[in-house]
S.K.: 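Below are the structure tokens for one structure; questions will follow.
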Amino acid sequence: MTDQAVEPRRLTPDELRTLFLFESLTDEQLQWLSEAGYVESWHDGIVFNEGDEATCCYVLLSGEIRLCKLSHGELVEINRTSQRGVYSGAFNAFFGAADHKSYTATMQVTQPAEFFVIGADTMATMMNTWFPMAVHLIEGFVMGMRRTNETLGERERLLALGSLSAGLTHELNNPAAAAVRAAATLRQRVSGMRSKLAMLADGTLDATKLHQIVALQDDAVERLDKNKDKDVPPMELSDREDALTDWLDDHDVQASWDIAPVLAAAGLDVPWMENVLTAVGPKYLEGAVRWLMYTIDTESLMNEIDDSVTRISTLVGAAKQYSQIDRAPYQTVDLRELLKSTLVMMSGKLQGYEVVKDFDPELPPIPAYAAELNQVWTNIIDNAVSAMGGSGTLTLRTRRDGAYAVVEIGDTGPGIPEEIRRRIFEPFFTTKPIGEGTGLGLDISWRIVVKKHHGDLRVESEPGRTVFKIVLPLDPERELESDPALLS
């Protein structure tokens with residue numbers, strides 16, 4: 001509670017001159033300030049809260065105060081002082097911009113204190129009247145820094161997008177090229193099947209044998225489907241090929257070395273080939289064998305095309321999920337899906353690294369700006385890859401911590417020295433060589449997580465282990481209702 005007299009106490013010009021903030025003012029200015037400001041006393045408690053309307057500037061005359069910022073639902077002390085003359089509150093009200101109208105921290109009295117208080121409007125009038133040039137210079141500097149942040153931030157996003165696009169193009173090229181090759185080979189196999197079909201159906205092969213060949217053909221395709229996902233030991237496959245090659249040679253089938261691997265890969269063996277011989281007889285054996293080989297080859301090629309097209313579809317789906325095309329900016333999202341899509345988009349950069357995913361299946365979806373969270377993952381993963389320098393383990397973990405969702409992104413790099421760790425979220429701070437980083441990636445990530453999602457972003461680091469923790473509220477609306485200071 002405050003100890004305010006009915007008529008506020010004023011400071012004389014001489015008393016004001018003892019405060020370093022006002023020591024260079026003229027006698028007339030000190031007199032004006034003496035009449036405009038007043039003294040306010042506090043025994044203890046909170047003077048103002050982060051996010052409250054900034055109505056006053058407080059200059060400490062005596063006592064002790066501490067400043068706190070809200071982080072993960074808790075007040076974190078950022079400064080504690082008893083230095084006479086320090087100030088806090090609406091000291092930047094002279095800018096006049098709407099985004100300077102709220103307190104940026106919480107100020108609490110820890111020992112009985114006295115303040116010289118200046119109203120925000122009074123501060124604005126004083127600064128603009130007495131120091132117009134300084135106001136213009138400071139405002140120009142602030143606006144310039146803001147524009148620089150925005151411009152370089154956009155460039156950072158474009159560079160990241162360009163890098164991801166190059167990786168995605170490479171990833172798309174592989175299955176696309178495989179599908180083109182398979183389609184060209186498939187055309188040749190279909191042509192061969194047509195010629196063999198004419199040989200088999202020239203009238204000398206009765207209908208019963210044709211039906212038997214078709215049944216064998218169906219059985220071969222079924223065996224291929226069953227064997228395509230099996231991991232057959234190389235030695236076993238080699239022995240099967242050798243046995244089939246010997247059998248084909250014994251029955252005068254030409255180019256057995258070319259046919260045997262196709263039959264063996266489909267799971268066919270010598271007893272099965274005996275059934276073919278029984279069905280068609282020695283005269284039509286080679287035509288039937290090649291017909292079966294073309295059938296198996298054709299089926300394998302269609303499987304390859306299907307796998308390639310599925311891979312392309314998966315990559316395109318991941319790209320849409322990553323960019324959030326055709327989706328509302330703010331929506332309920334599954335953090336695990338966002339992380340997976342980011343990994344797909346960055347797969348080109350992750351070559352040579354072990355990626356460990358430990359996702360909590362019980363983690364509920366949360367309301368969030370999905371595309372911007374994807375940018376956070378991208379920035380942190382990109383830094384982790386850069387830190388590991390070619391090899392290492394990237395670990396992505398999700399879990400629930402009470403009313404919060406926690407995403408952890410860890411790497412096995414050399415770690416972040418303590419003197420650097422304190423600065424990594426500062427704008428323009430980077431340890432990368434000139435031209436390789438703007439120093440805005442983690443600053444942008446911090447603003448997305450803390451300012452836009454009312455969460456928290458922190459880092460723990462030691463040699464061989466660095467972990468970034470992104471903490472997001474499961475229910476942002478309830479978080480805002482329970483603590484209005486989060487609205488700042």
S.K.: Got more than 12 heavy atoms from elsewhere within 6.0 Å of OH, Tyr353?
M.R.: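 Yes, OH of Tyr353 has more than 12 neighbouring heavy atoms, counting only those of other groups under 6.0 Å.
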S.K.: Is any side-chain heavy atom of Cys56 closer than 4.5 Å to a side-chain heavy atom of Met123?
M.R.: no
S.K.: Can you name the side chain to side chain donor-acceptor pair (under 3.5 Å) partners of Glu15, sequence neighbours left out?
M.R.: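 Once residues adjacent in sequence are excluded, the partners of Glu15 under the side chain to side chain donor-acceptor pair (under 3.5 Å) criterion are Thr12.
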S.K.: Hey, are Asn379 and Ser445 close enough side-chain-wise for a donor-acceptor pair under 3.5 Å?
M.R.: yes
S.K.: Mind listing the closest non-hydrogen atom pair of Leu25 and Arg17 along with its distance?
M.R.: O-NH2, 4.2 Å
S.K.: Could you pull out all residues at least two apart from Phe20 that satisfy ring pair (Phe, Tyr, Trp, His ring centres under 6.0 Å)?
M.R.: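 None.
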S.K.: Between Arg336 (side chain only) and Leu363 (backbone N and O only), is there a donor and an acceptor less than 3.5 Å apart?
M.R.: yes
S.K.: Distance from Arg66 atom CZ to Ile46 atom CD1, nearest 0.5 Å?
M.R.: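 CD1 of Ile46 is found 8.5 Å from CZ of Arg66.
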S.K.: How long is the gap from CG on Leu16 to CG on Leu21, to the nearest 0.5 Å?
M.R.: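 Here the interatomic distance stands at 10.0 Å.
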S.K.: Using a strict 4.0 Å threshold on nitrogen-to-oxygen distance, state whether Glu40 and Arg9 make a salt bridge.
M.R.: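 So Glu40 does not pair with Arg9 through a salt bridge.
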S.K.: Between Asp52 (side chain only) and Asn49 (backbone N and O only), is there a donor and an acceptor less than 3.5 Å apart?
M.R.: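 The answer is yes, because a donor-acceptor pair under 3.5 Å joins these two groups.
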S.K.: Give me the atom names and distance for the closest heavy-atom approach of Gln375 to Ile448.
M.R.: OE1-CD1, 3.8 Å
S.K.: State which residues pass ring pair (Phe, Tyr, Trp, His ring centres under 6.0 Å) with Phe48; sequence neighbours excluded, sorted by chain then number.
M.R.: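 Testing Phe48 for ring pair (Phe, Tyr, Trp, His ring centres under 6.0 Å), a comparison that skips the adjacent residues, returns Tyr58, Tyr103.
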S.K.: According to salt bridge (Lys or Arg N to Asp or Glu O under 4.0 Å), who are the partners of Glu53, at least two apart in sequence or on a separate chain?
M.R.: none
S.K.: Listed by chain and number, what are the salt bridge (Lys or Arg N to Asp or Glu O under 4.0 Å) partners of Glu362, not counting sequence neighbours?
M.R.: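 Once residues adjacent in sequence are excluded, Glu362 has no partner under the salt bridge (Lys or Arg N to Asp or Glu O under 4.0 Å) criterion.
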S.K.: With sequence neighbours excluded, what pairs up with Ser300 under the side chain to side chain donor-acceptor pair (under 3.5 Å) test?
M.R.: none
S.K.: Sort out for me which residue in Leu394, Thr395, Val467 forms a side chain to side chain contact (heavy atoms under 4.5 Å, CB included) with Ile409.
M.R.: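 Exactly one pass, corresponding to Leu394.
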S.K.: Check whether any side-chain heavy atom of Ile470 lies under 4.5 Å from a side-chain heavy atom of Ile380, and answer yes or no.
M.R.: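 In contact.
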S.K.: Of the options Leu442, Val407, Asn383, which is the one that meets Phe468 in a side chain to side chain contact (heavy atoms under 4.5 Å, CB included)?
M.R.: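 Of the listed residues Leu442, Val407, Asn383, the side chain to side chain contact (heavy atoms under 4.5 Å, CB included) partner of Phe468 is Leu442.
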S.K.: Determine the minimum heavy-atom distance between Ser461 and Gly415, stating which atoms define it.
M.R.: OG-CA, 3.3 Å
S.K.: Once rounded to the nearest 0.5 Å, what's the spacing between atom CE of Met127 and atom SG of Cys57?
M.R.: 10.0 Å
S.K.: Apply side-chain contact (heavy atoms from CB on, under 4.5 Å) to the pair Phe116 and Leu33, showing each step before the final yes or no.
M.R.: CA-CA 10 Å; Phe116 179 66; Leu33 192 57; 4.0 Å; yes
S.K.: With Arg84, which residues qualify under side chain to side chain contact (heavy atoms under 4.5 Å, CB included), at least two apart?
M.R.: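 Arg84 satisfies side chain to side chain contact (heavy atoms under 4.5 Å, CB included) with Thr18, Leu19, Leu61 only.
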S.K.: Leu339 versus Thr398: any side-chain heavy-atom pair under 4.5 Å?
M.R.: yes
S.K.: Looking at Thr122 and Ile118, would you say the former's side chain and the latter's main chain have a donor-acceptor pair under 3.5 Å?
M.R.: no
S.K.: Does the side chain of Leu335 come within less than 4.5 Å of Ile366's, by heavy atoms?
M.R.: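 Of all side-chain heavy-atom pairs linking Leu335 with Ile366, at least one is under 4.5 Å.
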S.K.: Tell me which one of His454, His453, Arg458 satisfies side-chain hydrogen bond (donor to acceptor under 3.5 Å, both in side chains) with Asp456.
M.R.: Arg458
S.K.: Do Met107 and Phe115 have side chains that get closer than 4.5 Å, going by heavy atoms?
M.R.: yes
S.K.: Can you see which heavy atom on Val59 is nearest to which on Gly85, and at what distance?
M.R.: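 For Val59 versus Gly85, the nearest heavy atoms are CG1-O, 3.7 Å.
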S.K.: CD1/Ile65 to CG/Leu60 distance, rounded to the nearest 0.5 angstrom?
M.R.: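 Ile65 atom CD1 to Leu60 atom CG measures 5.0 Å (nearest 0.5 Å).
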S.K.: With sequence neighbours left out, what residues match Arg80 under salt bridge (Lys or Arg N to Asp or Glu O under 4.0 Å)?
M.R.: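 Glu64, Glu77.
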S.K.: Please name all residues satisfying side chain to side chain donor-acceptor pair (under 3.5 Å) with Glu241, sequence neighbours left out, ordered by chain then number.
M.R.: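 Here no residue qualifies.
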S.K.: Does Pro364 have any side chain to side chain contact (heavy atoms under 4.5 Å, CB included) partners at least two apart in sequence or in another chain, and if so, which?
M.R.: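 Scan of Pro364 (side chain to side chain contact (heavy atoms under 4.5 Å, CB included), adjacent residues dropped) gives Arg400, Leu474.
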S.K.: Can Val459 and Thr466 be said to form a side-chain contact (heavy atoms from CB on, under 4.5 Å), step by step?
M.R.: CA-CA 7 Å; Val459 62; Thr466 297; 4.0 Å; yes
S.K.: Tell me if the CD atom of Glu418 is crowded by more than 12 foreign heavy atoms within 6.0 Å.
M.R.: no
S.K.: Strictly distance-based, threshold 3.5 Å: is any side-chain N or O of Ser386 a donor or acceptor partner for the main-chain N or O of Asp382?
M.R.: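 No; zero donor-acceptor contacts below 3.5 Å.
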S.K.: How far apart are the closest heavy atoms of Thr412 and Thr393, and which atoms are they?
M.R.: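 Reported closest heavy-atom pair: OG1-N, 3.0 Å.
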S.K.: Holding to side chain to side chain donor-acceptor pair (under 3.5 Å), I want the full list of residues that pass it with Thr332, two or more places apart in sequence or in another chain.
M.R.: none
S.K.: Test of understanding: with salt bridge (Lys or Arg N to Asp or Glu O under 4.0 Å), list the residues that count as partners of Lys452, not counting sequence neighbours.
M.R.: Glu372
S.K.: Hey, does Thr106 have a side-chain heavy atom less than 4.5 Å from the side chain of Leu67?
M.R.: no
S.K.: Between Trp446 and Lys451, is the side-chain contact (heavy atoms from CB on, under 4.5 Å) condition met? List the steps.
M.R.: CA-CA 8 Å; Trp446 189 88; Lys451 294 295 185 181; 4.0 Å; yes
S.K.: Let's go through Ile381 and Leu350 carefully: what are the C-alpha distance in whole Å and the side-chain angles of both, what is the deciding distance for side-chain contact (heavy atoms from CB on, under 4.5 Å) to 0.1 Å, and is it a yes or a no?
M.R.: CA-CA 9 Å; Ile381 292 173; Leu350 298 175; 4.2 Å; yes
S.K.: Does Arg240 use its side chain to pair, donor to acceptor, with the backbone of Ala264 at less than 3.5 Å?
M.R.: yes
S.K.: With a 4.5 Å heavy-atom cut-off, do Glu408 and Arg399 have their side chains touching?
M.R.: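 Contact flag for Glu408/Arg399 side chains = yes.
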S.K.: Show the nearest heavy-atom pair for residues Asp411 and Ala384, with the distance to one decimal.
M.R.: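 Minimum heavy-atom separation between Asp411 and Ala384: OD2-CB, 3.5 Å.
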S.K.: Any heavy-atom pair between the side chains of Met346 and Thr342 that's under 4.5 Å?
M.R.: yes
